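Have a look at the structure below before the remarks.
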Amino acid sequence: MSKLDDVLNLAKVKGYFWPSFEIYGGVSGFYTFGPLGAYLQRDIEELWKGIFVKPFGFIEMDSPDLLPYPVLKASGHVDNFKDPMAECRKCGAKYRADHLLKDSGVEVSEGAEPSYLEALLNQNKVKCPKCGGQEWSVKLYLNMFETNIGPYAENKGYLRPETAQGIFVEFNSLYNYNREQLPMGVVQIGKGYRNEISPRQGLIRLREFHMMELELFIDPQEEDAPELPNDQKLRLLHEKARATGEPEELTPLEAYQNGIIKMKWLAYFLYLSKKFLNSLGVPDEKQRFFEKIAGERAHYSAQTFDHEVYIDELGWTEVAGFAYRTDFDLKSHMQASGKEMYAIKRKAVSTKTSVVINREELMKRDNWKELAELKPEVRSDGVYIGNIKLNDKEYRIIQEVEKEEIRKFIPHVIEPSFGLDRLTLVALYFAYGKKEGRNIFSLPKGLLKNVVAVLPLVSKEEFISKAFEVRELLVNEGFDVIFDDKGYIGKRYARLDESGVPFAITIDSKTLEDGTVTVRDRDSWSQDRIKIQDLPKYLREKTNWRL
RNA sequence: GCGGUCGUCGUCCAGCCUGGCAGGACGUCAGCUUCCCAAGCUGAAGAUCGCGGGUUCAAGUCCCGCCGACCGCACCA
């Protein structure tokens, strides 16, 4: 058995995830997350927000999974998210129509009509690779799940293939909430759905999957991005490097200055993503960024990098995609809906000097009422009202905006998009190991940070009731407690190691005497003796509770 | 959808070639034991062998069909 097999098997046995609907034989492309899988996902989300969202004051939102036809028509998905499938009328074999034509030397442009493709196939007597038949029918295979909203068939809807569209259509409200400030980052964590023809590789390609998406709206003329680090390298298999197959190691700053990464924020996000994967336990040498070239990119993207992780059994595996979506989406929705979706920037182009009188000071003069009626005047040696020179405290000189330039524009979007299911698998894969013949998921301590086991050393009444007290204390502090009083202590520790639970708290005879317990560490197997009331603090320090 | 491999307790597997009571290990549960790392003893539950049909006195085993999974092809914007 390979390491991946071990991990998948354990993931199922220990309650992380497994293929759905197994009692009915299973349906590929669907996975169910169990108790520990749900905990782990939650912690990965928290970690991600701590790196990508909270430090920048980005905002989170939650929109429907089901989108009405016009949204996806406008976004280009209805037209682009489908493939023309040619079916052999003789044997029923199915192929991509455009690929069949290309293989027999007929070039067709993208987006050709099915009837046109069908005619081409039949006129050119293209042979079925399987049975040699020469009669074809061409239909479109839509990669989205389609349904009806309400009782009318013409009121079509689709399960969202990405969460992003839910953000774009709400741009105006979000921009307003954000007090019209750019850059504005908007995050959505939720599910996406793609009706894959034939999903494979278990969790890696699902028909229903969890994703974490960030849409960063920027002013393309002035990105306003953080300073790019120059002390850490990214492994970039960029467009030019792909010819050699060897990634080039560049710092984010170098990659941006060389023009390899087009946008500053994009470079910064790649850097954050590397850090994020590090914090999930993936070392640098198992990561790379793979640039998609023109034909491979999504219809909305001007530059795309995939963040890939090397898994021995699967090769380089995509866990995140970074797309420079330009103004494609907002522009499309603006045209289709007729609603304006602009950002506004005001910039002073010229200023004038003016004088503000400090009234409180001026009132110390007897004739202040007369003076206040007159306009102050700036002369070379000071400020005068009438012929009276004011002292320094009585006025201030300010620069006033004389003329401002108002620029209305459609913001550009830079999008990091993460596959949460794959990240969960990756975290387990890199955490998996063996120690003295046992399986251990040595997850980074920030993961499953809220899960703790409480164990009476032996199954006796006084230990069990004390253990219940400890459990109650921890539950009230927000921990998720696994209670286990069955069998020999060593066996329970081993079980917990295999589940990846970071700490086990054991109640022994000393606990009854002095109120201390032992806390056993999953990775080192070492034990600390801690007072019961200090447990929450101890555990949170050990698991980096504060990000 | 094509080609290949496979489908047997919760998990991993044996049994299939050569038809004759559905087995093992791990896990789970109960009891005993047990004051720190899968220890020991005793016992128990758990599979209509993916589904349907056929051949046969008899099918997990042979034959046919279907379903599903995995791997490869294609697809994955």
Side-chain angles (χ1 to χ4, degrees), chain A residues 1-2 4-6 8-15 18-19 21-30 75-77 79-88 91-96 98-100 103 110-111 128-131 141 143-144 161-162 194-202 204-207 209 292-301 304 306 313-314 318 321 323 419 435-440 455-460 462-463 485-498 504-513 517-522 524-527 529:
Chain A
M1 281 232 296
S2 72
L4 183 63
D5 289 334
D6 286 342
L8 292 175
N9 190 17
L10 265 186
K12 175 171 186 181
V13 176
K14 305 312 276 188
W18 54 84
F21 317 127
E22 279 197 313
I23 63 165
Y24 290 107
V27 181
S28 69
F30 296 94
S75 69
H77 285 84
D79 297 317
N80 288 288
F81 226 74
K82 62 189 175 187
D83 301 317
M85 297 291 287
E87 183 173 354
C88 171
C91 72
K94 286 179 181 168
Y95 305 91
R96 277 282 295 263
D98 48 344
H99 289 196
L100 270 181
D103 290 345
E110 288 270 325
C128 170
K130 193 188 165 201
C131 72
Y141 178 82
N143 253 248
M144 293 190 290
E162 56 173 2
R194 293 180 191 183
N195 200 2
E196 303 281 358
I197 294 171
S198 162
R200 288 288 159 79
Q201 300 173 319
I204 299 297
R205 257 178 83 208
L206 296 173
R207 288 185 165 120
F209 48 95
K292 298 273 186 110
I293 56 175
E296 300 167 342
R297 288 195 293 264
H299 60 275
Y300 47 70
S301 181
T304 299
D306 283 351
E313 296 82 354
L314 301 174
E318 179 190 350
K435 182 165 177 176
E436 298 182 17
R438 297 178 181 182
N439 295 318
I440 301 190
L455 317 170
L457 184 60
V458 292
S459 188
K460 284 183 184 161
E462 60 269 36
F463 289 176
D485 64 345
K486 296 280 186 285
Y488 186 60
I489 189 71
K491 196 173 182 178
R492 282 178 273 162
Y493 286 151
R495 252 196 310 241
L496 291 164
D497 288 345
E498 197 169 47
I505 290 157
T506 305
I507 283 79
D508 56 21
S509 53
K510 198 148 183 269
T511 310
L512 302 179
E513 289 165 22
V517 292
T518 59
V519 181
R520 174 194 178 270
D521 180 289
R522 173 197 63 206
S524 65
W525 298 4
S526 63
Q527 301 191 341
R529 191 113 209 144

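Just so we're on the same page: letters track the sequence lines, and every chain starts at 1. Since this is a predicted model, take the numbers as computed values, not measurements.
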I'd like to check the side-chain contact (heavy atoms from CB on, under 4.5 Å) partners of Pro19(A); sequence neighbours left out, ordered by chain and number.
Glu22(A), Tyr31(A)
Can you name the side-chain contact (heavy atoms from CB on, under 4.5 Å) partners of Asn195(A), sequence neighbours left out?
Tyr141(A), Phe145(A), Arg207(A)
Which value, in whole Å, describes the distance between the [atom1] atoms of nucleotides [N] and [M]?
| N | M | atom1 | value |
| --- | --- | --- | --- |
| G15(B) | G24(B) | C1' | 11 Å |
| G53(B) | C17(B) | P | 22 Å |
| G20(B) | U61(B) | P | 11 Å |
| G27(B) | G72(B) | P | 33 Å |
| G50(B) | U11(B) | P | 13 Å |
| C76(B) | U8(B) | P | 33 Å |
| U28(B) | C12(B) | C1' | 15 Å |
| C16(B) | A39(B) | C1' | 39 Å |

Reading nucleotides 34-39 of chain B from the 5' end, what letters show protein touch, with B for base, S for backbone sugar-phosphate only, - for no heavy atom under 4.0 Å?
BBBBBB
Would you give the length of the straight line joining atom CG of Asp485(A) to atom CZ of Phe463(A), rounded to the nearest 0.5 angstrom?
12.5 Å
Would you give the length of the straight line joining atom CD of Gln527(A) to atom CD1 of Ile505(A), rounded to the nearest 0.5 angstrom?
12.0 Å
Mind checking which stems touch RNA chain B? I mean at least 3 consecutive Watson-Crick or G-U pairs, both distances under 3.5 Å.
B:1-7 with B:67-73, B:10-13 with B:23-26, B:28-32 with B:40-44, B:50-54 with B:62-66
Side-chain N,O (Lys486(A)) to OP1/OP2 (U28(B)) below 4.0 Å
no
List in chain and number order the residues that pass salt bridge (charged side-chain N to carboxylate O under 4.0 Å, His left out) with Asp306(A), two or more places apart in sequence or in another chain; answer none if no residue qualifies.
Lys292(A)
Please enumerate all residues that pass salt bridge (charged side-chain N to carboxylate O under 4.0 Å, His left out) together with Arg520(A), with sequence neighbours excluded.
Asp497(A)
Could you state the CG-C1' distance from Leu4(A) to C71(B), rounded to the nearest angstrom?
13 Å
